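Only one structure is covered here, and it is reproduced in the block below.
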Amino acid sequence: MEKNNPPLRIIVPGRVFRREATDASHEINFYHLEGLMIDKDISAANFKAIIQDFYREFFGKPLKIRFIPSFFPFVEPGFQVDISCLNCQGRGCSACQQSGWLEMMGAGMVHPNVLKNSGLNPKFWQGFAFGMGIERLVMMKYKINDIRLFYGGDLRFLKQF
Amino acid sequence: MNFSYNWLQSFFKKKLPKPEKLAELLTMHSFEVAEVKKFNRDWILDIDILPNRGPDSFSCLGIAREISTLAGFKYIADKYELKEDKGIKARDFINVEVRDKTACSRYTARVITEVKVGFSPKWMRERLEACGLKPINNIVDVANYVMLETGQPLHAFDGEKLQDRKIIVRFAKEGEKIITLDEERYRLEKEMLVITDAKKPVAIAGIKGGKPPEIDLKTKIVVLESANFNPRVIRRASKRIDLKTDASWRFEHGIDPNLTEFAINRATLLIQEIAGGRIAQGLIDFYPGKVFPKRVKLDLDYVTSLLGIKISHQEIIAILKSLGFKIKHLKSKIIEVEVPTFRLDVSIPEDLIEEIGRIHGYQEIPAQFPVAALIPPKRNLDIFWENLSGGILKEAGFTEAYNYSFISEKDREIFRYSKRELMEVENPTSLDFQYLRPSLIPNLLKNIEKNFRDFAEIKIFELGKIFHHPKTEKKVLSGVMSGEVFYETKGTIDLLLNKLGVSNIWFDEYRPKPGENKLSIWQPKKCAEIKINHEKIGFLGEISPKILDSLKVAIKVSAFDIDFEKLSKLTSEEHEYRPISRFPSAVRDIAILVPREVKVAQVLNKIYDTGKKLVRDVDLFDIYEGGELPAGKKNLAFHIIYQAEDRTMTSEEIDGLQKKIISALEKNRTWQVRQ
Ligand SMILES: [Zn+2]
């Protein structure tokens, strides 16, 4: 963001690391996809349209989306983005703990301090940012139940892709 | 954090929505409710309070405030009028001295005499238990109860056990010791804040009370503490002594200093109600820098612009007022908002917009595409070359793996990396992840170990970053192939580079420079440097049996290792345009043992004749005579490139055609296809 002038539309995939105990849904290294859109008049409504379109395209089926309040230091307001459960279409099942919704990612409107630190005047520029785990997305698409399979090097798994 | 539904109900005259319904309201507008469960005659709501809302919402009162806004009910906010006993003065029982006002911005204390310590009433014990706290005695229980209710941690001392009736708030002396209420011993350090009497520490400030002035059945004089400690000071000490408590957790998130007085009055009143006694006159209050409400200017047009939804001015103002904000109108579209001091999270217009958005409901925000000029992205050549290379290897029968970016200490020893060349992880999750990988080969060989018992032929590649000391990282492309496949590995690299449009490829015998340790991995004489235009871009060869032994790989393995950054730079320079076919091609290899006098063209013709139009190209990549081969024979190795003009060929189709070619070749009795 520091080297370029708005309007900006960026996606950045990359391998990230986290120090934690591993289990079926936690890994020490995984892929994250971060995105950012900055322009004069970018709103939360714009983000909703784009991200809903992305999920529909990715999963290849109609689905609903909802934002619930959340907190991330780089955005204000912050949202957690949920999609309607792919398994039960929102009626509630064990995959979604009966809630009908699946938590997909964190997002929000870029915090003015982040803009300032990148040399942009928050009076003129605004936009959204988001970040999502790629393995989680793949796990949902292919119904994979253990994130550790991605890094296990087992050909019986790898040869399926 | 667990909340009791009945307790929350006690803040309202009107009946609250049913637990499930209330949970949904909170999830959509405030905090996600993880679980609702029955608990005796009550319901427990497990609410995930957002970390920035800790200061105002780690309490029943905080959640009641949210509910009041969401349900539109008024909540009962008592003022708590105390009846102080004019005959006794608090300051005659206790003298408070705060030595660091940055670490302790406020310290309030009250004294209650002639209390009767015992059990607390059933309703209080039930509420404490519903929230996961163990009842102890009526004094300690009141302190805990008021913390859960208001969010302000409180502590009760036995006034007669405080040496010289002193309370001092200061940083500990290095090596000072304390025994806490749960009989644990701690050695204190000089950046830890403590409460002491005239002689010794009596509490680790904001974290845990000490044993000496403990409330017991004989306690008559209670000194109540309700203070505000600096979040950073508490967090540091709590981490240092590895002790997290309900109090430390709240202080770490920050608390409104104006809350101490309200909470201590509430607790004092409850103690008198439950344990009797007299309230000494006077609130002891050290509060040198009173905190006043912040004011934030808000442009109402900005609310619409940021959220992308039109919310009427009346509604915006109604929402803010219901959350306890005060409004002053400046211009028609600009308001000044006074933020209550308990909302530590609100200080800029965007914070207010969040309040407006979530209370109005994020679900009301329409999905609306932005209107903006489409600018196609610049082509990312790195991704282009990565995808192309990966695709070529996959067509050649390889599987792509993603391995961990780490190797273990044991790997380091096996591959004889010196510690100096590696980036060591400071605080690894486990010994398996002690160093950042300096090469992709170790983990690829482990992939072979994992799979060679189940698969006759293994070809795996990985494209990823490797790391060296000091702080360098590089993208490399490496692969492993199982079996006696040194020449096939060479062929694979030939094919890969050819398809990437590189022509000038050399395999040079490796002559180690002094001090190089490559030969510990590679089999001497069966390894080579890969060069393009005389520039070294990688290495290939058989892996040394010693390494394979240490990794328990019981078959031969060849590998290649290519500096991908160099390769994509060279290919970008060399790449020329070639017509791109619409359908993908696939490559299969074939090796054939023929009498020495047979010409390559004879074999080629046979392949073309059998494969017809579906064989687009055949490349000879290796001729070998002598050595372990039978006398008078030579070995020829080919890549056969299959491609249909009108469709994508399935692998079954390709395999079938390959079989047909093999049997056509073997019709000649002296020709022998090697599997
Ligand atoms: Zn479901």
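Order of the sequence lines sets the chain letters (A, B, ...), proteins ahead of strands, with each chain counted from 1. Only a predicted model underlies this, so the values are computations on that prediction, with no experimental measurement involved.
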key: Test item: A:Asn29 side-chain N/O and B:Ser405 main-chain N/O as donor-acceptor pair under 3.5 Å   = yes

Give the member of [options] that has the highest number of heavy-atom pairs under 4.5 Å with chain B.
options: A:Ser99, A:Pro112, A:Pro7; value: A:Pro112
options: A:Lys159, A:Arg156, A:Gln126; value: A:Gln126
options: A:Asp41, A:Thr22, A:Asn46, A:Leu158; value: A:Asn46
options: A:Ile42, A:Ile50, A:Ile65; value: A:Ile50
options: A:Phe157, A:Phe47, A:Phe67; value: A:Phe67

Are any non-hydrogen side-chain atoms of [X] and [Y] less than 4.5 angstrom apart?
X: B:Pro370; Y: A:Met37; result: yes
X: B:Thr27; Y: A:Pro69; result: no
X: B:Tyr362; Y: A:Ile68; result: no
X: B:Lys450; Y: A:Asp154; result: yes
X: A:Lys48; Y: B:Ile309; result: no
X: B:Asp345; Y: A:Phe71; result: no
X: B:Leu50; Y: A:Ser70; result: yes
X: A:Glu76; Y: B:Glu354; result: yes

In Å, rounded to the nearest 0.5 Å, how long is the span from [atom1] of [X] to [atom2] of [Y]?
X: A:Arg66; Y: B:Ile365; atom1: CZ; atom2: CD1; value: 14.0 Å
X: B:Ile460; Y: A:Leu155; atom1: CD1; atom2: CG; value: 4.0 Å
X: B:Gln368; Y: A:Gln52; atom1: CD; atom2: CD; value: 12.5 Å
X: A:Lys40; Y: B:Ser305; atom1: NZ; atom2: OG; value: 12.0 Å
X: A:Phe161; Y: B:Lys394; atom1: CZ; atom2: NZ; value: 11.5 Å
X: A:Ile28; Y: B:Phe433; atom1: CD1; atom2: CZ; value: 3.5 Å

For [X], which atoms come within 4.5 Å of any heavy atom of chain A: side chain, backbone, both, or neither?
X: B:Thr399; value: side chain
X: B:Ser30; value: backbone
X: B:Phe369; value: both
X: B:Glu35; value: neither
X: B:Asn427; value: both
X: B:Asn451; value: side chain
X: B:Pro428; value: backbone
X: B:Leu444; value: neither

Heavy-atom neighbours of [X] [atom1] exceed 12 at 6.0 Å:
X: A:Glu57; atom1: CD; result: no
X: B:Phe455; atom1: CZ; result: yes
X: B:Lys21; atom1: NZ; result: no

Could you look at [X] and say if it's the side chain, the backbone, both or neither that has a heavy atom under 4.5 Å from chain B?
X: A:Gln80; result: side chain
X: A:Phe17; result: side chain
X: A:Phe128; result: neither

For [X] and [Y], work out which heavy atoms get closest and say how close.
X: A:Gly153; Y: B:Asn447; result: CA-ND2, 3.5 Å
X: A:Arg9; Y: B:Ala372; result: NH2-CB, 3.5 Å
X: B:Pro366; Y: A:Ala45; result: O-CB, 3.1 Å

Tell me which of these, [options], has more heavy-atom pairs under 4.5 Å with chain A than the rest.
options: B:Gly357, B:Pro349, B:Gly308; value: B:Gly308
options: B:Gly361, B:Gly464, B:Ala373; value: B:Ala373
options: B:Arg358, B:His29, B:Lys446; value: B:His29

ask   = Are B:Tyr402 and A:Phe150 near enough that their ring centres are under 6.0 Å apart?
value = no

